[in-house]
Amino acid sequence: MVALLELVSYTDRLLDSAAFADYCPNGLQVEGRAQVRRLISGVSASRALIEAGIAAGADLLLVHHGYFWKGEDPRITGMKRARLAALLGAQMSLMAYHLPLDAHPELGNNAQLARRLGLEVAGRFGHGPGPAVGCRGRLEPGLAPAVLAQRITEVLGRAPLHVPGRADSIRTVAWCSGAAQSYIEEAAALGVDAYLTGEVSESTVHVARETGMHFFAAGHHATERYGVQALGAHLAGRFSLEHEFVDIDNPA
Ligand SMILES: [Zn+2]
């Protein structure tokens with residue numbers, strides 16, 4: 001068991017949250033009970049995850065996609081009211097880490113993806129106002145594009161969308177989980193054989209075709225399942241908490 005505020009300040013420091021200029025507040029978003037014994041992690045703070053947390057008797061939900069995004073309607077009405085009412089009614093806290101959880105060199109989504117896909121991290125890319133979030137690295141040995149697509153399918157449990165590129169063997173790769181399709185030109189400028197992210201836009205396909213780089217859209221949810229699990233497991237070990245990851249499946 002740990003005091004909520006101690007857990008929050010430890011995690012803020014662990015993920016260096018203050019260094020990021022993010023689209024949402026990172027850290028404690030909704031305050032519940034003062035002590036935390038049971039933690040449920042999940043990708044997004046959807047109503048289904050809240051209900052799963054309540055059913056499990058959780059003190060805290062830990063997510064990658066929380067609330068209070070820049071530009072959203074700030075009023076507490078409709079769906080948002082229902083979510084907050086459920087959290088507050090159960091005195092269950094919500095802790096959310098967005099970019100800091102993509103970027104962390106061990107627990108982050110991109111580090112965890114690398115470990116699962118057999119990618120060797122050689123550096124970072126994807127500079128916004130804060131630290132770089134994406135990774136670049138190598139596949140050793142190089143893989144035929146169809147073999148890499150098969151590996152992604154097996155590891156993430158779904159077939160990626162693949163826009164074929166020039167290389168017969170993929171050795172150099174850039175990747176960034178989630179909706180990082182806008183990084184594709186920056187990835188192409190690195191001269192890598194392939195770029196992998198979660199989502200695709202119409203224009204992404206043209207960039208891939210015209211630069212000759214392989215492109216894989218492996219799913220936003222599917223590429224972001226792993227960071228929050230790793231962070232949840234780390235916190236559970238550090239503070240002797242009960243932890244369970246709840247996967248609310250999402251085809252996007
Ligand atoms: Zn995301």
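Please read these numbers as outputs of a predicted model, since none were measured by experiment. Along the sequence shown, residues carry numbers from 1. Both counts, for ligands and for their atoms, begin at 1 and track the order of listing.
- Rounding to the nearest 0.5 Å places CZ of R33 at 10.0 Å from CG of L60.
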| task | In sequence, state the C-alpha distance, the side-chain angles, and the governing distance for R37 and E242, and then conclude on salt bridge (Lys or Arg N to Asp or Glu O under 4.0 Å). | result | CA-CA 6 Å; R37 184 193 306 270; E242 296 166 23; 5.7 Å; no
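- At a cut-off of 2.8 Å, measuring from the Zn ion (ligand 1), the protein N, O or S atoms that fall short of it are H65 NE2, H220 NE2, E224 OE1, waters left aside.
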| message | side-chain contact (heavy atoms from CB on, under 4.5 Å), that's the test. Do W175 and L117 meet it? Break it down for me. | response | CA-CA 11 Å; W175 65 99; L117 293 173; over 6 Å; no
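- Taking the six-membered ring where tryptophan is involved, the planes of F215 and Y195 are tilted, since the angle between them lies from 30° to 60°.
- Ion pair K80/E72 flagged as a salt bridge, since at least one NZ, NE, NH1 or NH2 atom sits closer than 4.0 Å to an Asp/Glu carboxylate oxygen.
- Pairs of residues two or more places apart, or lying in two chains, that qualify as side chain to side chain donor-acceptor pair (under 3.5 Å) and include a residue from residues 227-241 are Y10-H234.
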